[in-house]
Amino acid sequence: MSTAKPRTERAAEARVIATRIEAEGVDGVIVGWVDNAGVTRVKTVPVRALEAAAQWGVGAAPCFDAFLVDDSLAPGGSPVGDLRLVPDLAGLHRLAAQPGWAWAPGDRYTQHGEPHSGCQRQFARRTAEALAERGLAVLAGIEVEWIVDGGESGPAYGMRRLIGHSDYLRDLLRALREQQLTVLQLHPEYTEGQFELSVAPAGPVAAADAALLVRQTVQAVSLRHGLHASFAPVTEPGGVGNGGHLHLSLWRDGHNLGHGGSGPHGLTREAEAFLAGVLAELPALLALGAPSVASYLRLVPGRWSGPHRCWGLENREAALRLITGSVPEQANAEIKCFDAAANPYLAIGGVLAAGLAGLGRALHLPAETTGDPDGAAERLPDSLDRAVDALRKSEVLRDAMGEQLWRSVIDVREAEIARFADRTPEQIVEAVRYRY
Ligand code: GLU
Ligand code: MG
């Protein structure tokens, strides 16, 4: 990772990149990170200051760790101190729908150059490295769903809806291609104005970066077409939600461990133990992957949002859907209960940590749920309160996240629960519709 390189090396690399992108018309570079509430925050520098930003980082107050979705602060968010936000040059992209701008994901360091213990992106990287130490790798991908207001009406997955938004969706495909993102699929989703897009899987940190880049690009292209994109878990109480399903596969020596094994549906023992670990921690993981009070307006039976703590082959109502597909090397598991309010680095880091714990304990999957889980399987927490309670009790996540990150996530969740306690579902949806 380039941010782990010595400062002088980062500066030298940035100098070369800055010269190139300035010649390509870039004036400003955005350094982005996602806070504990799931909101993407940014600092920017002019292209000629990229070298200094890569070398020393850009100032970012530590109180960002206490920010809530509505920009108020959880108790204890101190106004004192500073951190350095360092662009990861390996993830820098020129933004096709924001001419003159480039974007790079940032890692946060202390002023002395040590990793900030509350840095969510470095948490994801640490867990990926812990897997690598066991000779394992994960490929991940986050599906992005969104709803635009004023969207063309028509049937779910309907051709009418595609025709109504041909130019918009074409511009989106083009922008993503120009940004070197490989789109796998794009389609009109279930409800009016709703779409879904998936990109090729990548390593855990790169997959989270890609999810952000996709979301930002969707938002920028939408605005150019006079549309406002919402990634909120729900945009209307009682309506279909926007998921942020996380797909993952576990690999050793270039082989996908999701097939050819002796476990259920050909899972190898390692893949089974990993997934069993995820299932074991799923109630606590919800506090990372479905982190908003609004997430629980989406997480109800009958919406393909995976509100039950169970797994099943191609079971779209199970929280953990196993996909063997027709190409064995593409076998993967999909965590359906997560949404786009999640900080993707926290969600992925948490899942890898849970999987590692499952491997450590050589866990087995429970019996498969083959039909509709409603009434047949345990419900996952049905409120943020309950999910946070599970996170408080999770030794696995506490150890993996480290005390500071774990604590600050819980503080933010508790503060959002208190903030929204008296609000109606309508008011909650209104408050988060255009925040993520
Ligand atoms: N929109 C659904 C959700 O809230 C998911 C639909 C699908 O399976 O793609 O997760
Ligand atoms: Mg979908």
Side-chain angles (χ1 to χ4, degrees), residues 38 140-149 151 154-158 161-162 165 169 172 183-201 207 210-211 214-215 218 229-248 282 285-286 288-323 325 332-342 344 347 351 369 371-374 377 379-384 387 425 428-429 432-433 436:
I142 297 176
E143 288 177 15
V144 176
E145 291 186 336
W146 73 98
I147 294 178
V148 294
D149 54 1
Y157 313 96
R161 299 239 317 268
L162 189 70
H165 289 294
L169 297 173
L172 179 57
V183 174
L184 297 178
Q185 226 191 82
L186 166 66
H187 61 262
E189 250 293 337
Y190 190 81
T191 200
E192 201 159 291
Q194 191 179 34
F195 301 97
E196 174 186 321
L197 189 143
S198 50
V199 294
V214 168
R215 252 149 65 177
V218 165
S230 171
F231 304 93
V234 287
T235 58
E236 263 177 56
V240 159
N242 287 318
H245 307 173
L246 171 62
H247 290 257
L248 22 97
L282 210 48
L285 286 169
L286 270 195
L288 306 181
S292 165
V293 171
S295 299
Y296 299 83
L297 299 173
R298 162 184 171 264
L299 214 51
V300 294
R303 310 250 188 97
W304 290 7
S305 61
H308 292 91
R309 185 190 193 175
C310 62
W311 73 278
L313 182 68
E314 290 296 4
N315 192 334
R316 286 182 175 73
E317 273 288 291
L320 196 60
R321 169 188 171 209
L322 197 66
I323 302 163
N332 66 89
E334 177 185 31
I335 301 175
K336 286 187 73 81
C337 46
F338 290 1
D339 61 50
V351 164
T369 299
D372 187 342
D374 202 18
R379 268 294 289 274
L380 282 166
D382 59 359
S383 68
L384 184 56
I428 292 168
V429 169
V432 303
R433 184 176 281 125
Y436 303 111

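Order of listing sets the numbers, starting from 1, for every ligand and every atom in it.
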Is there a side-chain contact between L297 and P233, using heavy atoms and a 4.5 Å cut-off?
-> no

Of all the non-hydrogen atoms in the protein, which one sits nearest to atom 4 (O) of ligand 1, and at what distance?
-> R298 NE, 2.8 Å

Looking at E196, which atoms of ligand 1 are within less than 4.0 Å of one of its heavy atoms?
-> 9 (O)

Measure the distance from atom 8 (O) of ligand 1 to every protein heavy atom, then report the residue, atom name and distance (to 0.1 Å) of the closest one.
-> K336 NZ, 2.8 Å

Identity of the N, O or S atom of E189 lying closest to the Mg ion (ligand 2) = OE2

Non-hydrogen side-chain atoms of V214 and L197 separated by less than 4.5 Å = yes

Min side-chain heavy-atom separation L282-C337 under 4.5 Å | yes

Show your working on side-chain contact (heavy atoms from CB on, under 4.5 Å) between I142 and F338 and close with a plain yes or no.
-> CA-CA 10 Å; I142 297 176; F338 290 1; over 6 Å; no

Less than 4.5 Å apart, any side-chain heavy atom of V351 and any of L246?
-> yes

Flag for E317-H308: side-chain donor and acceptor within less than 3.5 Å | no

Which N, O or S atom of E196 lies nearest to the Mg ion (ligand 2), by name = OE1

Do any nitrogen or oxygen atoms of G241 lie less than 3.5 angstrom from nitrogen or oxygen atoms of ligand 1?
-> yes

Where ligand 1 meets E189 - atom numbers and elements under 4.0 angstrom, heavy-atom basis = 6 (C), 7 (C), 9 (O)

Taking only heavy atoms of H245 into account, list the atoms of ligand 1 that are under 4.0 Å away from them.
-> 3 (C), 5 (C), 7 (C), 8 (O), 9 (O), 10 (O)

Of the protein's non-hydrogen atoms, which lies at the shortest distance from atom 6 (C) of ligand 1, and what is that distance?
-> E145 OE2, 3.5 Å

Is the distance from the Mg ion (ligand 2) to some N, O or S atom of E145 under 2.8 Å?
-> yes

Considering only heavy atoms from C-beta outward, does the side chain of W311 approach that of L322 to under 4.5 Å?
-> yes

Should R316 be listed as contacting ligand 1, given a heavy-atom distance under 4.0 Å as the test?
-> no

Trace of the ring pair (Phe, Tyr, Trp, His ring centres under 6.0 Å) decision for Y157 with H187 = CA-CA 7 Å; Y157 313 96; H187 61 262; 5.7 Å; yes

